[in-house]
*Asks:* 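What follows is a single structure, and I will ask about it in a moment.
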Amino acid sequence: TSFPKTDWMGDCGETWTLLHQRGNIEYVSCGSKHVIAKTNDGKVFAWGSDNNYQFGDEDTSNKLNPVQVKYSKTADLFEDVLEVSAGDTHSVIVKDDGTVWEAGKNNYGQIGDGTTSNRKEWVCISNIKIKVPENEITIHKIGGTYELKPELSVGFNLLYDSMSNGQYSYESKNENIAKVDEKGLITAVRYGNARIEVTNDETGDTATVVVKIVRKGNIANPKIKSGIDFTVALKADGTVWSWGYNAYGNLGVGDTARKLEPTKIDIDNVVDIACGNNHVLFLKEDGTVWATGLNTNGQLGINNRTNTTIPVKVLDEGGKNNISNIIKVSVGVNYTLMLSEDGKIYSVGYNGYGQLAQGDTTRRLIPVVAKDATGNIIEDATDINARQYVTSIIREDGSTWTSGYNEYGNAGNNTNVNNKLYTKVLGEYGNGEFENSLLTGNTNNTMAIADKLGRVYTAGYNGYGQLGDGTLDTS
């Protein structure tokens, strides 16, 4: 009898008996207290100690017999595996597409995902993604066109430095504003904002491109936002105007006197605005963010708690330079949310309910990068929405995640516990996971999600019928 290839790191006890009972094992690797094995048809089995989640099943009980390894506790089984390896208390799998997957202890960064957080589920550190030249494009006339030219980014891969670009499918989520043909040619239909979804037909990976259609000579689509007793308006030419209550300098006009008529703010080239209760954010065309108004919780992101009466530049996470490459801004009560081109979420200010997604309730005076429930830094967000003390985001795979206040179950995760990290929203009636999200909206007590099929789902407080389900029952 020929023995399979092995990679010994510790005492595997009666491993040989177990291997030959399976019959088709071609490779095994041993950690200090666990074993992971690969079959000749590309499946993975593991047994022994699982005390550090090294089997990726969100469980720490010992496995006395081989169990087939899944991507997570409720996910599909691993197949088409090329290689396996057991570290002391972590495990590694390489699939036949060259992608690398890891689970287990990560105190020294041995998972390789850019963190030192232990991984209860398998994480892919290869990150194959669709890249487009621009995540946001502007067309300046009706009938104007823009051709999308997506490419696959292979990430960290053991087999390939590059991948065949393959075929793509394109879908406009707002065909009344912009259409896209089978070759990726976008045509402007009318003024407004549209989303184009790009899908690689071979890998299934997706990316979203925002299309802004504005009149020639303009840089923004007009927008109007209100705080408590004041209003801010963005004109198509990129200028901003404000009026109303101004005790904290929230109108951004250099004083704290109320304004009874629209008054121009000394800022230009603005493409987006957001209003909190008493502070305002301005996103400029160059990707920088400016803020004015109330700053008692550091919500302006300028590393102090002093109010301002004119727009000032928001700092980056290091607190020394100005933040840049931002594509969307949103604000809640005394905190700020910003989405970057590379899918990261930056948050700053009040954090009493964990809405900044840092795992704590400590306020921040300079922006920090948000994390999800596994401790990973989020790098694939496509949309953000802050409101009162709760935030919701959409990720590239269409899933919705929330952080912050959750007393009425408005986070949609079948609990009423506040979320200090972004937590995935569950599917309808708590089954599976919510997918295909297009837009989210939320208040402190209620959340609504619109999916790509035009359906709307709600969760949370329903005392006034705001869930729209024909009852007054809180969901």
Side-chain angles (χ1 to χ4, degrees), residues 225-230 232 245-252 273-283 289-309 311-319 323 326 328-340 344-373 378 381 384-393 401-408 410-411 416-423 440-447 460:
K225 294 289 183 179
S226 295
I228 294 181
D229 300 327
F230 73 97
V232 180
Y245 183 75
N246 190 32
Y248 302 101
N250 37 286
L251 298 187
I273 55 174
C275 284
N277 281 4
N278 286 294
H279 80 288
V280 180
L281 255 63
F282 312 87
L283 173 62
V289 180
W290 300 61
T292 190
L294 186 68
N295 194 33
T296 52
N297 282 277
Q299 58 262 46
L300 301 188
I302 57 177
N303 203 21
N304 63 48
R305 296 168 56 198
T306 303
N307 300 342
T308 71
T309 60
V312 292
K313 284 186 177 181
V314 177
L315 299 175
D316 63 12
E317 60 182 313
I323 200 163
I326 300 300
K328 184 173 182 179
V329 291
S330 187
V331 296
V333 176
N334 298 335
Y335 73 98
T336 293
L337 217 60
M338 297 168 284
L339 175 63
S340 69
K344 292 181 180 178
I345 302 165
Y346 295 88
S347 50
V348 65
Y350 180 67
N351 192 33
Y353 298 96
Q355 61 266 41
L356 300 189
Q358 296 300 300
D360 57 39
T361 56
T362 304
R363 68 183 169 205
R364 300 297 197 278
L365 302 184
I366 58 175
V368 288
V369 186
K371 303 175 183 177
D372 64 22
I378 294 172
I384 56 173
N385 186 3
R387 181 75 173 175
Q388 292 184 302
Y389 302 112
V390 62
T391 72
S392 56
I393 66 168
W401 301 62
T402 60
S403 68
Y405 187 81
N406 189 33
E407 181 177 346
Y408 293 96
N410 43 288
N416 60 357
V417 178
N418 296 337
N419 300 311
K420 299 174 186 177
L421 296 165
Y422 279 107
T423 303
T440 67
N442 46 264
T443 68
N444 235 23
N445 304 328
T446 307
M447 176 176 64

*Asks:* Going from CD on Q388 to CG on N410, what distance comes out if it is rounded to the nearest 0.5 angstrom?
*Replies:* 9.5 Å

*Asks:* Out of curiosity, K371 NZ to K344 NZ, how far, rounded to the nearest 0.5 Å?
*Replies:* 12.0 Å

*Asks:* Is the shortest heavy-atom distance from the side chain of S340 to the side chain of Y346 under 4.5 Å?
*Replies:* yes

*Asks:* First locate atom CG of L283, then atom CH2 of W290, and finally report the distance between them rounded to the nearest 0.5 Å.
*Replies:* 12.5 Å

*Asks:* Would you find a donor on one side and an acceptor on the other, under 3.5 Å apart, between the side chain of N351 and the backbone of L356?
*Replies:* yes

*Asks:* Could you pull out the closest heavy-atom pair between V329 and I326, with the gap in Å?
*Replies:* CG1-CG2, 4.2 Å

*Asks:* If we ignore hydrogens and angles and just use 3.5 Å, is the side chain of Q355 paired with the main-chain N or O of T361 as donor and acceptor?
*Replies:* no

*Asks:* Ignoring hydrogens and geometry, is there a side-chain-to-backbone donor-acceptor pair from D316 to G318 under 3.5 Å?
*Replies:* yes

*Asks:* Ring centres under 6.0 Å, that's the criterion: do Y405 and Y389 meet it?
*Replies:* no

*Asks:* Ignoring hydrogens, what is the shortest heavy-atom contact between S392 and T402? Give both atom names and the distance.
*Replies:* CB-CG2, 4.0 Å

*Asks:* Write down the atom of E317, the atom of V369, and the distance for their closest heavy-atom approach.
*Replies:* OE1-CG2, 3.3 Å

*Asks:* From K328 NZ over to L281 CG, what is the distance, rounded to the nearest 0.5 angstrom?
*Replies:* 13.0 Å

*Asks:* A side-chain contact here means heavy atoms from C-beta on lying under 4.5 Å apart; do V280 and F230 qualify?
*Replies:* yes

*Asks:* Quick one: list whatever passes ring-ring contact (aromatic ring centres under 6.0 Å, His included) with Y248, sequence neighbours left out.
*Replies:* none

*Asks:* How many angstroms lie between atom CD1 of I323 and atom NZ of K313, to the nearest 0.5 angstrom?
*Replies:* 12.5 Å

*Asks:* Could you tell me which non-hydrogen atom of H279 sits nearest to which non-hydrogen atom of T336, and how far apart they are?
*Replies:* NE2-OG1, 3.0 Å

*Asks:* Please check if any side-chain donor atom of T391 sits under 3.5 Å from a side-chain acceptor atom of Y422, or the reverse.
*Replies:* yes

*Asks:* Mind listing the closest non-hydrogen atom pair of L337 and A386 along with its distance?
*Replies:* CD2-CB, 4.0 Å

*Asks:* May I ask you to test the Y245-I228 pair for a side-chain heavy-atom distance under 4.5 Å?
*Replies:* no

*Asks:* Nearest 0.5 Å, what's the CG-CG distance between N250 and N278?
*Replies:* 5.0 Å

*Asks:* Does a side-chain heavy-atom distance below 4.5 Å link I378 with W401?
*Replies:* no

*Asks:* Considering all heavy atoms of both residues, which atom of V348 and which atom of R364 are nearest to each other, and what is their separation?
*Replies:* CG2-O, 3.3 Å

*Asks:* Taking the side chain as every heavy atom from C-beta outward, state whether D372 and L421 have any atom pair closer than 4.5 Å.
*Replies:* no

*Asks:* Taking the side chain as every heavy atom from C-beta outward, state whether N277 and L294 have any atom pair closer than 4.5 Å.
*Replies:* no

*Asks:* Any heavy-atom pair between the side chains of T308 and I302 that's under 4.5 Å?
*Replies:* yes

*Asks:* For the backbone of S330 and the side chain of N385, can you confirm whether one donor and one acceptor N or O come within less than 3.5 Å of each other?
*Replies:* no

*Asks:* Between N416 (side chain only) and N406 (backbone N and O only), is there a donor and an acceptor less than 3.5 Å apart?
*Replies:* no

*Asks:* Hey, are N304 and N295 close enough side-chain-wise for a donor-acceptor pair under 3.5 Å?
*Replies:* yes

*Asks:* Is the backbone of Y350 close enough, under 3.5 Å, to the side chain of R363 for a donor and an acceptor to pair up by distance?
*Replies:* no

